[in-house]
There are 2 protein chains.
Amino acid sequence: MTAQKSTPSAVSRSASTRKRTRIQQEKEQLILEAALDVFSRHGFRGSTIDQIAVQAGLSKPNVLYYFRTKEAIHRRLIDRLLDNWLEPLRGINEDGDPLSEIQSYIRRKLELARDYPRESRLFANEILQGAPHIQEELHDLRDLVERKSKIINDWIKAEKIANCDPKHLFFSIWATTQHYADFDAQIRVVLGPTEDGDDRFENAARFLDQLFVDGLRK
Amino acid sequence: MTAQKSTPSAVSRSASTRKRTRIQQEKEQLILEAALDVFSRHGFRGSTIDQIAVQAGLSKPNVLYYFRTKEAIHRRLIDRLLDNWLEPLRGINEDGDPLSEIQSYIRRKLELARDYPRESRLFANEILQGAPHIQEELHDLRDLVERKSKIINDWIKAEKIANCDPKHLFFSIWATTQHYADFDAQIRVVLGPTEDGDDRFENAARFLDQLFVDGLRK
DNA sequence: GTAAAGTTTGACCATATGGTAAAATTTTGT
DNA sequence: ACAAAATTTTACCATATGGTCAAACTTTAC
């Protein structure tokens, strides 16, 4: 082996503009998938690289070959997450029917909570700890909310929906939908075994639909 | 010093029925107060006994003199928490005016989120991790919710409020109110510096009042 | 004042954990 | 097939952390 330079590293390679190898692509995804599982269950501090490695079927140093640090894995997950997470909000269309737009926003957020609970919990963990890793990303969110709040305000001025504070409306939509993923452990106990997974979300959808539509109708 | 038996310990003393000394009372409260601060910010795994000790102005072994383990501190906090946390729910009175009862339940929960955000985050952290330490306590919650759901259902049958699933109603009330404590970091960024602490909660109260009252009125 | 009980501290220990170095192995391009 | 590059493993290291122990120090009861 050439000893002329330091150990080759997938990290520096992927960080640079050079293209990534097949193995790199596969293993990175494998690690991220495992890390999502572990981080979402135990939080950042509660997760160990070893747990992630075992879950991914790799050795610890092998994981660290693809990601320089534990934080690097976490950062990548959060980046990937926020893209999908904000998509429904971006989808709110000022030219659509106000109540339908809000209704379908709620439905899409609820579907995310149902289909991607790990992502929801990863996000919740991060915010709970004071969002130490995503201050920048939160500013993008703020700008997006600002824009969408203007749309809601226009609808209110046009007397198409009831008067309300748009930002608090968004907060309550986020809270109620994500609650089904984040507080799953509590919900399971309260609902008991009668309501299985699908029923749970159907009943939630029905309830939230009624709550917000009746609460906002002019 | 008598060497005939093991080191005296405040833990065994407080665990037994014997009365506790003045110093024990004071130091235990001091430690719990510090631990609430630390646990609510970093979660169980993310908190160290040393952090708690520093925050309390004690040495690590001194903390461990009053609580056998890190888990024991956590457990005591959670126990103390749940009592206050469920109080508003217990307060729902079947003989009161339905909408007023729900309205004041929401207001009380929101006040808890405003005045005891650390407790809210401690609880959120615990549930997010799958509620590993409070399965029993959750069963008490389930029974309480069961009883209160019956009251809501009676109100619905009497046509005093709109038809809805009582449990999902509770979920959405918990979600929206606790959100202001648990997702504080996000809310701060989205609202920006314009809305300071008190305004925030007043606006939230106004919004939630409207949402739930209009959403539930018959 | 004194002795027993209660409290505090400093020095430790075992283990867990994030991360590194270099050798060994596999893959890839030709 | 062969060399260069990429990947994986084995053996580590330094530090952090939960927890223990016995000695030193305070408080309390009489």
Side-chain angles (χ1 to χ4, degrees), chain A residues 1-16 18-31 34-35 38-39 42-76 133, chain B residues 1-16 18-31 34-35 38-39 42-76 133:
Chain A
M1 171 193 245
T2 59
Q4 75 205 64
K5 56 189 314 188
S6 60
T7 314
S9 141
V11 176
S12 59
R13 202 153 272 277
S14 64
S16 79
R18 242 170 298 179
K19 66 173 181 287
R20 281 136 81 182
T21 67
R22 173 185 58 86
I23 292 179
Q24 253 173 70
Q25 301 246 16
E26 289 172 6
K27 292 291 165 73
E28 280 181 14
Q29 289 314 308
L30 192 66
I31 292 168
V38 175
F39 280 138
H42 308 294
F44 181 77
R45 258 309 289 283
S47 303
T48 71
I49 302 178
D50 248 327
Q51 284 173 54
I52 296 170
V54 167
Q55 179 91 2
L58 301 173
S59 67
K60 184 170 69 163
N62 201 2
V63 167
L64 287 166
Y65 172 72
Y66 291 101
F67 294 89
R68 213 184 281 285
T69 63
K70 184 172 138 180
E71 253 202 77
I73 306 177
H74 191 253
R75 202 175 289 266
R76 275 280 289 281
H133 304 107
Chain B
M1 171 194 246
T2 59
Q4 74 206 62
K5 55 187 319 188
S6 60
T7 314
S9 139
V11 176
S12 60
R13 202 154 273 277
S14 64
S16 79
R18 242 171 298 179
K19 65 173 180 287
R20 282 138 80 181
T21 68
R22 173 184 59 84
I23 292 179
Q24 255 172 68
Q25 302 246 17
E26 289 172 7
K27 292 291 166 73
E28 280 182 14
Q29 290 314 309
L30 193 66
I31 292 168
V38 175
F39 280 137
H42 308 294
F44 181 77
R45 256 313 285 285
S47 304
T48 71
I49 302 178
D50 249 327
Q51 286 173 53
I52 295 170
V54 167
Q55 179 92 3
L58 302 174
S59 67
K60 185 168 69 161
N62 201 2
V63 167
L64 286 166
Y65 172 71
Y66 291 101
F67 294 90
R68 211 184 284 285
T69 63
K70 182 173 140 181
E71 253 201 76
I73 307 177
H74 191 253
R75 202 175 289 267
R76 276 279 289 281
H133 304 107

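Heavy-atom basis, side chains included; hydrogens, waters and symmetry copies ignored. We name chains A, B, ... by the order of the sequence lines, and we start the count at 1 in each one.
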Peer 1: Would you say dT8(D) has OP1 or OP2 under 4.0 Å from some side-chain N or O of Tyr66(A)?
Peer 2: yes

Peer 1: Do you know which two heavy atoms are closest between Ile52(B) and Ala34(B), and how far apart they sit?
Peer 2: O-CB, 3.7 Å

Peer 1: On DNA chain D, check which nucleotide each of Lys60(A) and Pro61(B) is closest to and give me the residue with the more 5' one.
Peer 2: Lys60(A)

Peer 1: In whole Å, I'd like the distance from the CD1 atom of Ile31(B) to the C1' atom of dT7(C).
Peer 2: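 About 12 Å, once rounded to whole Å.
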
Peer 1: From CZ of Phe44(A) over to C1' of dT17(C), roughly how many Å is that when rounded to an integer?
Peer 2: 12 Å

Peer 1: For Arg68(A) and dA21(C), give me the distance from atom CZ to atom P, rounded to whole Å.
Peer 2: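 That distance rounds to 11 Å.
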
Peer 1: Please identify each residue that fulfils ring pair (Phe, Tyr, Trp, His ring centres under 6.0 Å) with His42(B), with sequence neighbours left out.
Peer 2: none

Peer 1: Atom CG of Leu64(B) to atom C1' of dC13(C): distance rounded to whole Å?
Peer 2: 14 Å

Peer 1: Are OP1 or OP2 of dT8(C) and a side-chain N or O of Ser59(B) less than 4.0 angstrom apart?
Peer 2: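 For dT8(C), neither OP1 nor OP2 has a side-chain N or O of Ser59(B) closer than 4.0 Å.
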
Peer 1: Could you measure the distance from the CG atom of Leu64(A) to the CD1 atom of Ile49(A)? Nearest 0.5 Å is fine.
Peer 2: 4.5 Å

Peer 1: Using a strict heavy-atom distance below 4.0 Å, which residues from residues 48-56 of chain A are in contact with DNA chain D?
Peer 2: none

Peer 1: I'd like to know if Lys70(B) reaches the base of dG19(D) with its side chain such that a donor and an acceptor end up less than 3.5 angstrom apart.
Peer 2: no

Peer 1: Does Lys27(B) reach a base, just sugar-phosphate, or nothing at all? Heavy atoms under 4.0 Å.
Peer 2: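 Sugar-phosphate, no base atom in range.
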
Peer 1: I need the CD1-P distance between Ile23(B) and dA29(D), as an integer number of Å.
Peer 2: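 Going from CD1 in Ile23(B) over to P in dA29(D) covers 11 Å.
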
Peer 1: Please tell me if Gln24(B) has a side-chain N or O lying less than 4.0 Å from either OP1 or OP2 of dG6(C).
Peer 2: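 For dG6(C), neither OP1 nor OP2 has a side-chain N or O of Gln24(B) closer than 4.0 Å.
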
Peer 1: With side-chain contact (heavy atoms from CB on, under 4.5 Å) as the test, would you mind laying out the steps for Thr48(B) and Arg45(A) before giving the verdict?
Peer 2: CA-CA 11 Å; Thr48(B) 71; Arg45(A) 258 309 289 283; 4.2 Å; yes

Peer 1: Relative to the ring of His74(B), is the ring of Phe39(B) parallel (under 30°), tilted (30 to 60°) or perpendicular (over 60°)?
Peer 2: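 Rings of Phe39(B) and His74(B): perpendicular, over 60°.
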
Peer 1: Is the shortest side-chain N/O distance from Tyr65(B) to OP1 or OP2 of dT8(C) below 4.0 Å?
Peer 2: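 Checking Tyr65(B) against dT8(C): no side-chain N or O falls below 4.0 Å of OP1 or OP2.
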
Peer 1: If you assign Asn62(A) and Arg45(A) each to the DNA chain D nucleotide with the nearest heavy atom, which residue ends up on the more 5' nucleotide?
Peer 2: Asn62(A)

Peer 1: Quick check: closest heavy atoms across Ala56(B) and Ile31(B), and the distance to 0.1 Å?
Peer 2: CB-CA, 4.4 Å

Peer 1: In whole Å, what is the span from the CZ atom of Phe67(B) to the P atom of dT20(D)?
Peer 2: 15 Å

Peer 1: Under the side-chain contact (heavy atoms from CB on, under 4.5 Å) rule, what do Phe44(B) and Ile73(B) come out as? Steps first, then yes or no, please.
Peer 2: CA-CA 10 Å; Phe44(B) 181 77; Ile73(B) 307 177; over 6 Å; no

